[in-house]
Structure formats: C-alpha cells, structure tokens
A.B. asks: 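Structure below; questions to follow.
Lettering follows sequence order; numbering is per chain, from 1. Heavy atoms only: backbone and side chains are in, while hydrogens, waters and symmetry mates are out.
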Protein chains: 2
Amino acid sequence: MTDNNLDLKKAGLKVTFPRLKILEILATNDGHLSAEGVYKKLLESGDEVGLATVYRVLTQFETAELVVRHNFDGGHAVFEMASDDHHDHMVCVETGKVIEFFDEQIELRQHEIAKERGYEITDHNMVLYVKPIK
Amino acid sequence: MTDNNLDLKKAGLKVTFPRLKILEILATNDGHLSAEGVYKKLLESGDEVGLATVYRVLTQFETAELVVRHNFDGGHAVFEMASDDHHDHMVCVETGKVIEFFDEQIELRQHEIAKERGYEITDHNMVLYVKPIK
DNA sequence: TTCTATGCAAATTATTTGCAGCACT
DNA sequence: AGTGCTGCAAATAATTTGCATAGAA
C-alpha cells in the first residue's frame, strides 16, 4: 500500500482512481497546477475524470491539508502538495515559472508587525512578481 | 474645479457623473471596496449607475493609475485610491477590517531575495490574514 | 448492502463585452 | 454630426452544486 493510499484513508476519503491519480499528478509536476491544469494532465494520460470531480477532489484535499491552494493574480488558483515547510512564491511574469522561497527575516517581521497592531497572524500570502535580470 | 476633475482629464477620461461619484466613494470609505461594494454605495446614495459601468470605470481608473486593484483571497478584487506611497495589507479574518502597513526591512529583503535568484521585482503582493490577540 | 464518489449538466459568482441610445463638443 | 459614455442583457471564466448512477468497504 502506497503513502497516497494511507494519506487518503487518514483524511477519511475513500481510495478511488481520480483521487489517486490527482495526488500522483500533483506529486510529480513540481506542483503549482491549476484545477484546469490537473484536468488536462488527466486527459493527456487518457484518463476520463470530470472537471467537476477535479475541483471537488482538490477542495477535499485542501480541507484535509494534503494540498495547499494559492491564489496568484490572474484569477485562477494553483495547488501544490502540502509540505511541512512553509514557503512563499516568486512568479516570473515572462515565463510563468514559479519559484519557492523562504526567508526567516521576513517571517519574523510579519509577526512583529501584526503584534505591534494587536493582532496575530493566522495566515499570510506573499507573491513576488519578477522578471529575469538581463 | 476639483482635483477629481483634473485627475480624470489628465487620464484622458471625460468628466462624467459615474466617474466622479466613484472617485468620491473611493476617496471616502477608507478605500478597499470591491466593485460590488462601490455599486452598493451608489445605490445607497440613490444614484442609478449600472454595475457594468462600475467595473468599466474601475478598470479604467486602474489603467490610469488612479486606483490600485488588490486581489485578496476569497475571489473578489478590492480597489483603493492610488497613493504615491506603497504599502501592504493586513486583513482581520474576524471583522474584515483592512489595515495598511509598510515595512522597509521586508521590502529590502524581497529585492535581495529576487536578486539572489537572478530576478528583479516588477510587483508584489503581500497580505497578512490576522486576528485580534485576546 | 450501505454509503460515498463520480459524471454531467445546470447553477453561481465575478467580471467582461456587444450594442443601441444618449450626451457633450 | 462625431466620438465617447452608459445601461442592459448576453457572454465568459472559474468554480460549485443537484441528481441519478456507479463504485468502494
């Protein structure tokens, strides 16, 4: 039995073909796929899964914290496998490439800033839109 | 002649009732209104402006750099008057309150991080989702 | 068998666009 | 008259949901 099988069971989700396939796709394609993107990968593999199912499964995975949803600019969400290490993203506006990064200094400042105002952070979202230095 | 009149002309936009009214609304309500929100304010004032016009005008203002569009989580964009000073946002998940802040340290690190990877920042987006410390 | 999951189409939400009429120069 | 602006309704794009049926435990 694979890890994916276990993950699904732990999440109280039945082990079905669409769910396994979607986990597999996210685990491979260095993550960062949109629902539509996952759907296309499925079609490419010749697998018949409805787009609605893709959305449903991704949402379930998000709830189960198996994947994380990111709302980049441009109106469509992207999903990636959840990992214990938090990180933020940099998106190249020319190539669309997504680069992950983590910066301790920034994380610390974010908490300080919130605390200075009497708040604590429940979540945050930081995306740098960048272009290659010529 | 008001500043708003001038701003519109400078942007090559004719001075019309919907445009003036929308500028006024954004200038007042400490900004951060969604298109729908602006539309509701208009209706409250008893002004008949179509929702489509609100969207059109906001988009024109964004292009003219009179307002800035922010894509917060939750699927709807919010607009605020453009000001020369850049800042980021903190959104209280309990009250929905939006707090602006600016942190030099974070801004500097963002540029360093991008540069370390061979990129330069064209734009960025940072939102802290927070809740009050009890 | 008993629930849960899936597919498909219809429904929603947020936003955009086509088009005919009105307004300002 | 000419060009820009508006409202309304229809069109899109992304995502969700209702429902009858197929599938997992």
A.B. asks: Would you kindly give the CD-to-P distance between Q60(B) and dT16(C), to the nearest whole Å?
C.D. replies: 11 Å

A.B. asks: Nearest 0.5 Å please: distance from the NZ atom of K14(A) over to the CG atom of L20(A).
C.D. replies: 14.0 Å

A.B. asks: How long is the span from the CG atom in L58(B) to the CD atom in E62(B), to the nearest 0.5 Å?
C.D. replies: 9.0 Å

A.B. asks: Report yes if some heavy atom in the side chain of E36(B) is under 4.5 Å from a heavy atom in the side chain of H76(B); otherwise report no.
C.D. replies: no

A.B. asks: In whole Å, what is the span from the CG atom of L58(B) to the P atom of dC5(D)?
C.D. replies: 15 Å

A.B. asks: Evaluate the side-chain proximity of E104(B) to L108(B): yes if any heavy-atom separation is below 4.5 Å, no if none is.
C.D. replies: yes

A.B. asks: Could you tell me the separation between the OG atom of S34(B) and the CZ atom of R69(B), rounded to the nearest 0.5 Å?
C.D. replies: 11.5 Å

A.B. asks: Counting only side-chain nitrogens and oxygens, does T59(A) get under 4.0 Å of the OP1 or OP2 atom of dT15(D)?
C.D. replies: no

A.B. asks: Output the distance between atom CG (D7(A)) and atom CZ (F61(A)), rounded to the nearest 0.5 Å.
C.D. replies: 9.0 Å

A.B. asks: List for me each residue that meets salt bridge (Lys or Arg N to Asp or Glu O under 4.0 Å) alongside K21(B), sequence neighbours excluded, and say none if there are none.
C.D. replies: D47(B)

A.B. asks: Could you tell me whether the side chain of M81(A) reaches within less than 4.5 Å of the side chain of L23(A), counting heavy atoms only?
C.D. replies: yes

A.B. asks: Polar-atom pairs under 3.5 Å, protein N or O versus N or O of nucleotides 22-25 of chain C: list them with distances, or write none.
C.D. replies:
none

A.B. asks: Quick check for you: to the nearest 0.5 Å, what is the distance between N5(A) atom CG and L13(A) atom CG?
C.D. replies: 12.0 Å

A.B. asks: Quick one: which protein N/O atoms are closer than 3.5 Å to N/O atoms of nucleotides 7-10 of chain D? Pair and distance per line, please.
C.D. replies:
from	atom 1	to	atom 2	distance (Å)
dG7(D)	OP1	E48(B)	O	3.0
dG7(D)	OP1	G50(B)	N	3.3
dG7(D)	OP2	G50(B)	N	3.1
dG7(D)	OP2	T53(B)	OG1	2.1
dG7(D)	N7	R56(B)	NH2	2.8
dG7(D)	O6	R56(B)	NH1	3.1
dG7(D)	O6	R56(B)	NH2	3.4

A.B. asks: Distance-only check: which donor-acceptor pairs under 3.5 Å involve side-chain atoms of residues 124-134 of chain A, not counting sequence neighbours?
C.D. replies:
from	atom 1	to	atom 2	distance (Å)
H124(A)	ND1	Q110(A)	OE1	3.3
H124(A)	NE2	H86(A)	NE2	3.2
H124(A)	NE2	D88(A)	OD1	3.1
H124(A)	NE2	D88(A)	OD2	3.4
N125(A)	ND2	D73(B)	OD1	3.2
Y129(A)	OH	D73(A)	N	2.9
K134(A)	NZ	E120(B)	OE2	3.1

A.B. asks: Using whole Å, report how far CD1 of I22(B) lies from C1' of dT6(D).
C.D. replies: 11 Å

A.B. asks: For residues F101(A) and H89(A), establish whether the separation of their ring centroids is below 6.0 Å.
C.D. replies: no

A.B. asks: If you write DNA chain C from 5' to 3' in dot-bracket form, with Watson-Crick or G-U pairs under 3.5 Å, [ ] for crossing pairs and | for pairs with another strand, what do you get?
C.D. replies: ||||||||||.|||.||||||||||

A.B. asks: Please list, pair by pair, any protein nitrogen or oxygen found under 3.5 Å from a nitrogen or oxygen in nucleotides 12-14 of chain C.
C.D. replies:
none

A.B. asks: Parallel, tilted or perpendicular: which fits the ring planes of H32(A) and H87(A), with parallel below 30° and perpendicular above 60°?
C.D. replies: perpendicular

A.B. asks: So, do K115(A) and H111(A) sit near enough that their side-chain heavy atoms are less than 4.5 Å apart?
C.D. replies: no

A.B. asks: Indicate if I106(A) and V98(A) have the same hydrophobic cluster label, given that clusters are the connected sets of ILVMFWY residues with side-chain heavy-atom separations under 4.5 angstrom.
C.D. replies: no

A.B. asks: Tell me: CG of L8(A) to C1' of dA25(D), nearest whole Å?
C.D. replies: 15 Å

A.B. asks: Nearest whole angstrom, please: distance from the P of dT6(C) to the CG of D47(A).
C.D. replies: 13 Å

A.B. asks: Separation of K21(A) atom NZ from dA5(C) atom C1', in whole Å?
C.D. replies: 18 Å

A.B. asks: Provide, to the nearest angstrom, the distance between the CZ atom belonging to R19(A) and the C1' atom belonging to dA24(D).
C.D. replies: 10 Å

A.B. asks: Atom CG of N71(A) to atom C1' of dT15(D): distance rounded to whole Å?
C.D. replies: 12 Å

